[in-house]
Each structure stands twice: as C-alpha cells, then as structure tokens.
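All remarks here apply to the structure that follows.
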Amino acid sequence: MAGGQPKHKLMVLRPLLIKLSLKALLVWLIFSGLGWYFQNAIGHALLPLFEATIRMLAPEFGSGLKIVTQGHEQIIQLNVRLLKPFAISQQYGFPAGKEFQVGSHLIHTLVPIIIELTLLMVWPVQTFQQRTLLLVLGFVFIIPVSAAITPALLLGLIEINFQETASAIGIARPDPFILSWMLFCEGGGRWLLPVVAAWVCIYLLNALSRSKRNH
C-alpha cells in the first residue's frame with residue numbers, strides 16, 4: 001500500500017501538471033503576441049525608467065535612449081558621450097566627448113515582463129480578487145526587474161568596447177561590476193529574475209490572505 005501511494009499521487013498530479021503546462025503555453029503565446037504588437041508603445045513607456053537607471057549607474061556618461069527601426073526590427077538604442085577622459089592605461093584612453101552607440105532588440109527587453117506575467121496568470125488562486133491583486137503586485141515588480149536588466153545590458157555593451165580596446169593593447173583590465181552583471185543576466189538571469197519576482201508576488205499574496213483571515 002505504502003509503495004503505491006507515490007504512484008497514485010503522481011497519477012493525480014499528472015493531469016493537473018499537463019493542464020497547467022498547456023495553460024502556461026497559451027498564456028505565453030498570448031503575452032508574446034501582445035508584446036510583439038505593442039512593443040513600441042511599451043518600450044517608450046519604459047524609456048524614462050531606463051534613462052534614469054543608466055544615469056544613476058553611469059554618471060560619467062552623457063547618455064540618451066531612443067527606439068529606432070532597423071529593417072523589420074525595433075531597437076532600443078543607447079548613445080553615450082564621455083563627460084571626462086576615460087583612461088584605459090597610463091598611456092592610452094578615450095578623450096572627453098568620445099561617443100559610443102549600442103543597441104538591443106526591443107522585444108528582447110520585454111522577455112522578463114512576459115515571463116513574470118505568464119507565471120502570475122497561471123498560478124492557481126481561489127478568487128478573481130486574488131488574481132487581480134497578484135497582477136497588481138506583478139506590475140509593481142516589473143519596474144525593478146526591468147531596471148535591473150536592460151540598462152545593465154546596454155551599459156555592459158559599452159564596457160565591452162573598453163575591454164576590447166584594453167585587450168588590443170595588451171592590458172588586462174578587470175571586468176567592472178556592470179559587465180559581470182550583464183553577463184549574469186544574459187546567461188540566465190534574464191529568466192531567473194522575473195521568476196523570483198513572481199515568487200515574491202505569490203508569497204506576498206499568501207501573506208496578505210493569511211492576515212485577512214486572521215482578522
């Protein structure tokens with residue numbers, strides 16, 4: 001009997017897991033389609049957040065963000081200008097006023113948002129009010145998640161220019177934090193951070209529900 005219990009539980013859970021997986025796939029496709037269709041509007045709404053984050057992280061740059069069209073793709077483009085000379089070594093560096101330009105696909109920027117909202121839409125809740133509260137929390141957490149990823153990606157691309165220049169002249173320049181963080185995000189952090197944010201939203205929802213029941 002005891003040996004049959006895990007098998008019985010698996011048989012009970014299997015249809016639920018299949019249902020949740022199919023629901024997640026459907027929600028993912030819907031959000032992906034909406035993200036692709038409205039990417040320009042969403043991108044422009046996020047630009048002030050990204051600009052403020054970039055200025056906070058890199059005050060040594062004069063920076064500007066804009067969304068441009070390249071072929072059929074929407075690109076979020078960062079233009080920076082050095083406000084003071086930037087030294088690579090004692091003999092070599094970039095003068096003040098030197099400009100750099102980097103960019104990333106706009107739809108790439110929306111991936112963490114789609115992941116987080118998909119998880120929050122699929123997570124089982126008991127009432128419509130709980131779902132609404134969960135999504136409200138999700139939209140709140142979209143702000144720090146987005147600010148932690150896209151500005152770091154763009155600034156990391158700028159730092160790669162400095163690293164390549166240092167390498168070309170034989171200088172071993174340590175990776176700055178922003179470049180290490182960018183590599184973390186591109187190596188899986190872009191997926192991990194929205195998952196963690198969704199988990200925090202679910203935890204807060206459960207905590208609020210328990211507090212409401214206790215009162």
Side-chain angles (χ1 to χ4, degrees), residues 27-28 30-70 73-83 99-121 123 132-162 175-205:
V27 172
W28 169 272
I30 291 172
F31 278 139
S32 296
L34 291 173
W36 179 84
Y37 188 80
F38 292 106
Q39 61 178 302
N40 197 273
I42 299 172
H44 278 96
L46 290 171
L47 279 186
L49 171 66
F50 295 157
E51 288 175 339
T53 305
I54 287 171
R55 291 193 180 107
M56 180 182 67
L57 293 174
E60 68 274 19
F61 296 154
S63 60
L65 278 176
K66 60 182 178 180
I67 295 174
V68 299
T69 301
Q70 293 183 3
E73 302 288 343
Q74 297 292 308
I75 305 296
I76 182 167
Q77 183 176 290
L78 171 64
N79 297 282
V80 303
R81 178 175 53 84
L82 295 179
L83 298 178
E99 295 184 352
F100 298 89
Q101 183 183 95
V102 295
S104 175
H105 290 91
L106 183 55
I107 196 66
H108 191 53
T109 298
L110 305 184
V111 168
I113 299 175
I114 294 171
I115 293 172
E116 182 183 331
L117 293 180
T118 297
L119 292 173
L120 296 180
M121 280 295 295
W123 188 262
T132 301
L133 178 56
L134 195 57
L135 289 175
V136 169
L137 290 170
F139 279 107
V140 170
F141 274 85
I142 280 172
I143 296 173
V145 168
S146 298
I149 296 175
T150 298
L153 167 62
L154 295 170
L155 288 174
L157 293 174
I158 298 292
E159 288 291 344
I160 286 175
N161 282 287
F162 300 150
D175 287 348
F177 171 78
I178 197 67
L179 180 55
S180 299
W181 180 254
M182 171 207 146
L183 294 174
F184 163 74
C185 289
E186 293 303 294
R190 176 179 296 275
W191 293 70
L192 178 62
L193 291 179
V195 171
V196 171
W199 180 86
V200 172
C201 292
I202 293 165
Y203 174 83
L204 291 175
L205 175 68

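Positions are given from 1 along the sequence.
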With Glu73, which residues qualify under salt bridge (Lys or Arg N to Asp or Glu O under 4.0 Å), at least two apart?
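By the salt bridge (Lys or Arg N to Asp or Glu O under 4.0 Å) rule, Glu73 matches no residue at all.
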In a check of side-chain contact (heavy atoms from CB on, under 4.5 Å) between Leu65 and each of Val80, Asn79, Leu154, which one passes?
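For Leu65, the side-chain contact (heavy atoms from CB on, under 4.5 Å) check succeeds only for Leu154.
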Tell me which one of Leu119, Thr118, Leu117 satisfies side-chain contact (heavy atoms from CB on, under 4.5 Å) with Val27.
Thr118
Reported [atom1]-to-[atom2] distance for the pair [X] and [Y], which is rounded to 0.5 angstrom:
{"X": "Leu110", "Y": "His108", "atom1": "CG", "atom2": "NE2", "value": "10.5 Å"}
{"X": "Trp123", "Y": "Ile202", "atom1": "CH2", "atom2": "CD1", "value": "4.5 Å"}
{"X": "Ile107", "Y": "Ile76", "atom1": "CD1", "atom2": "CD1", "value": "12.5 Å"}

Could I get the full list of ring-ring contact (aromatic ring centres under 6.0 Å, His included) partners for Trp191, not counting sequence neighbours?
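Testing Trp191 for ring-ring contact (aromatic ring centres under 6.0 Å, His included), a comparison that skips the adjacent residues, returns none.
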Just to verify, what does Phe139 make a ring-ring contact (aromatic ring centres under 6.0 Å, His included) with, not counting sequence neighbours?
none
List the atom pairs, donor and acceptor, that lie under 3.5 Å between side-chain atoms in residues 35-46 and the rest of the protein, sequence neighbours left out.
| unit_1 | atom_1 | unit_2 | atom_2 | d |
| --- | --- | --- | --- | --- |
| Gln39 | NE2 | Trp36 | O | 3.1 |
| Asn40 | OD1 | His44 | ND1 | 3.0 |
| Asn40 | ND2 | Gln74 | OE1 | 2.8 |
| His44 | ND1 | Asn40 | O | 2.9 |

If you compare all heavy atoms of [X] against all heavy atoms of [Y], which two are closest, and at what distance to 0.1 Å?
{"X": "Pro112", "Y": "Pro194", "value": "O-CB, 3.2 Å"}
{"X": "Glu159", "Y": "Pro176", "value": "OE1-CG, 3.4 Å"}
{"X": "Leu157", "Y": "Met182", "value": "N-SD, 3.8 Å"}

Angle class for the Trp199/Tyr203 ring planes (parallel below 30°, perpendicular above 60°, tilted otherwise)?
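Aromatic pair Trp199/Tyr203 classed parallel.
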Under the rule for side chain to side chain donor-acceptor pair (under 3.5 Å), what residues qualify as partners of Glu60, not counting sequence neighbours?
none
May I have the list of side-chain donor-acceptor pairs in residues 140-153 shorter than 3.5 Å, sequence neighbours left out?
| unit_1 | atom_1 | unit_2 | atom_2 | d |
| --- | --- | --- | --- | --- |
| Ser146 | OG | Ile142 | O | 2.9 |

